[in-house]
There are 2 protein chains.
Amino acid sequence: MDEEAPQKGTVTQRAIEEIKAMIAEGRLEPGQRLPTERDLAARLGISRSSMREAIRALTVLGVLEARHGSGIYVTALEAGDLLETFGVVADLSRGPRLVELLEVRRILESTATALAAARITEDQLAAVEKHLAAMNATDDPEEILAHDLAFHREIAAAAGNETMAAMLEGLSSRTFRARVWRGYQEEGAFARTRREHAAIHRALAARDPEAARTAAAAHVGEVEEWLRAQLRA
Amino acid sequence: MDEEAPQKGTVTQRAIEEIKAMIAEGRLEPGQRLPTERDLAARLGISRSSMREAIRALTVLGVLEARHGSGIYVTALEAGDLLETFGVVADLSRGPRLVELLEVRRILESTATALAAARITEDQLAAVEKHLAAMNATDDPEEILAHDLAFHREIAAAAGNETMAAMLEGLSSRTFRARVWRGYQEEGAFARTRREHAAIHRALAARDPEAARTAAAAHVGEVEEWLRAQLRA
DNA sequence: CCACCGGAGTGGTCCGACCACTATGGGTCG
DNA sequence: CGACCCATAGTGGTCGGACCACTCCGGTGG
């Protein structure tokens, strides 16, 4: 009864599944510290090298966190931890795939903005306004970009769904870099963006979900259309 | 001009960024074969062990694919490749996070179903009907589950957005397992699911996007509500 | 011409050593 | 007595080399 020889795939893959299972079954709680690499390797009967590969894999997935000199820990398993990789996906997508990604973003962003309009608090609204004002007060592209991102991040947070907010975060980084490049080519893009942001803010302040949904959809759709046109060229 | 000492983070992390950059900048095309592990390690001045960790990390992200005895290749970078990890996220999410995930699925699934209603071809509709019929013809939970998944997969595919379809695929595996468990407890769940599926199919056949959106939202919302109730208990 | 087979090359695994960092506890100084 | 400092044990990080398992291709013999 020695439970040998499952032997499916690589030993590293097996180790990954093993640790995932430990977490899924609750044998490992969020924040908890794991045994040492050497222990884990011995326990599964594999070498430390292979175990390290497994740990590294789960680290990039945002499931584990290795602290040099201290130990390996399970992350909080919050949406932000796990969906960080989502940004990588967005960064590596190109062509038609990028348009699809933007379409997804349009759907989620418009819904999130609509939810935010219904739920946003005064404090959160003030934060949104702060970034809106800062965005309009400068013409340094880098700074505008930062406040633009923060603007949408605040709104997503106000929607009350952390998972959705984390996904939107990932869907934005690449998108926004593209928009900067866009500003280079198309004059008037900044002014249009400013109007769109103002419309979104108006809808939020008025607590009007439908107007917020429409404004957000138009905002993202604008970029989407431009990207579609670029691909045809 | 020897370009030394960036030295940020671990060498493995640097290697990961390096390869990601190669792909992002187009120096590596989808499907292309990479240099050998030994070459890559030498090129970046790191050990093979560290390079292997980097490769393993990008492998689990669906960016690279290692073929034993042959070489390392860049994947097609299709939505399905990159979003496979999305399922892991869903599997490891629990409690409130799971409800949020389901909320995201409701939004995407309803939109996808609406899009499908407008675009679905006769062939695709036939495939949907096939799974609907098969689902109703058996009472083996496993088989029902399989056809249920396929039912929604066909619809997502008909929506014409591969990225969205891949995300929904990841959002389903965990969800559906939960529903099976649900069937154990709540009588009538199967019958209700059957009605909901029929409503979705009706909307698709009628090419009625709004009806499709509503039916799909209700379908997912049903599970969502049940899960919310479970969490309160 | 084809089937077979061998070797070269590749990823997969393992080992053992050492480095870099952290945390802990005991000793020291104020 | 208390706060500080530092030696040290333990942990993850890196390295190099050895060997195994598999794939692929070209030569060889039928």
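Note: hydrogens, waters and symmetry copies are ignored here, and every other heavy atom, side chains too, is used. Proteins come first, then strands; the chains are lettered A, B, ... in the order of their sequence lines, and each starts at number 1. This one's a predicted model, so the numbers in the text were calculated from it and none came from an experiment.
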Touch class at under 4.0 angstrom, heavy-atom based, for A/R67 against every strand present: sugar-phosphate
Distance below 4.0 Å between A/R52 side-chain N/O and D/dG12 OP1 or OP2: no
Interatomic distance where CD belongs to B/E65 and P belongs to D/dT23 [whole Å]: 13 Å
side-chain N/O B/T12 vs D/dT14 OP1/OP2, d < 4.0 Å: yes
Whole-Å distance separating the CZ atom of B/R56 from the P atom of C/dG11: 13 Å
Protein-nucleotide distance (A/E53, atom CD; C/dT13, atom C1'), rounded to Å: 9 Å
Nearest-Å distance for atom pair CD1/P, residues B/I16 and D/dG13: 12 Å
Check: D/dG13 base within 3.5 Å donor-acceptor of A/R48 side chain: yes
Sugar-phosphate, base or nothing in reach of A/I55, heavy atoms under 4.0 Å: nothing
Nearest-angstrom distance from the residue atom NE2 of B/H68 to P of D/dT23: 8 Å
B/S47 side-chain N/O to D/dC15 phosphate OP1/OP2 under 4.0 Å: yes
A/R106 bridged to A/E225 by N-O distance under 4.0 Å: no
Atom-pair distance (CE on A/M51; P on C/dG12), nearest Å: 17 Å
Polar contact flag, side-chain donor to acceptor under 3.5 angstrom, B/H152-B/H219: yes
SB check A/E17 A/R14 (cutoff 4.0 Å): no
Distance in angstrom units between B/L64 CG and C/dG11 P, rounded: 11 Å
For atom CD1 of B/I72 and atom C1' of D/dC22, their distance in whole Å: 15 Å
Among D/dT14, C/dT10, C/dT22, the one nearest B/V11 by side-chain distance: D/dT14
Touch class at under 4.0 angstrom, heavy-atom based, for B/S49 against every strand present: base
Per B/E37 side chain, nearest of listed nucleotides D/dT14, C/dC21, C/dG11: C/dG11
Residue met sooner reading DNA chain C from 5', once A/Y73 and A/T10 are mapped to nucleotides: A/T10
Whether B/E109 side chain and B/A216 backbone form a donor-acceptor pair below 3.5 Å: no
5' precedence on DNA chain C between A/Q13 and A/R38 (nearest-nucleotide basis): A/Q13
Side-chain (A/Q13) to main-chain (A/T10) donor-acceptor, under 3.5 angstrom: no
side-chain N/O B/S50 vs D/dC15 OP1/OP2, d < 4.0 Å: yes
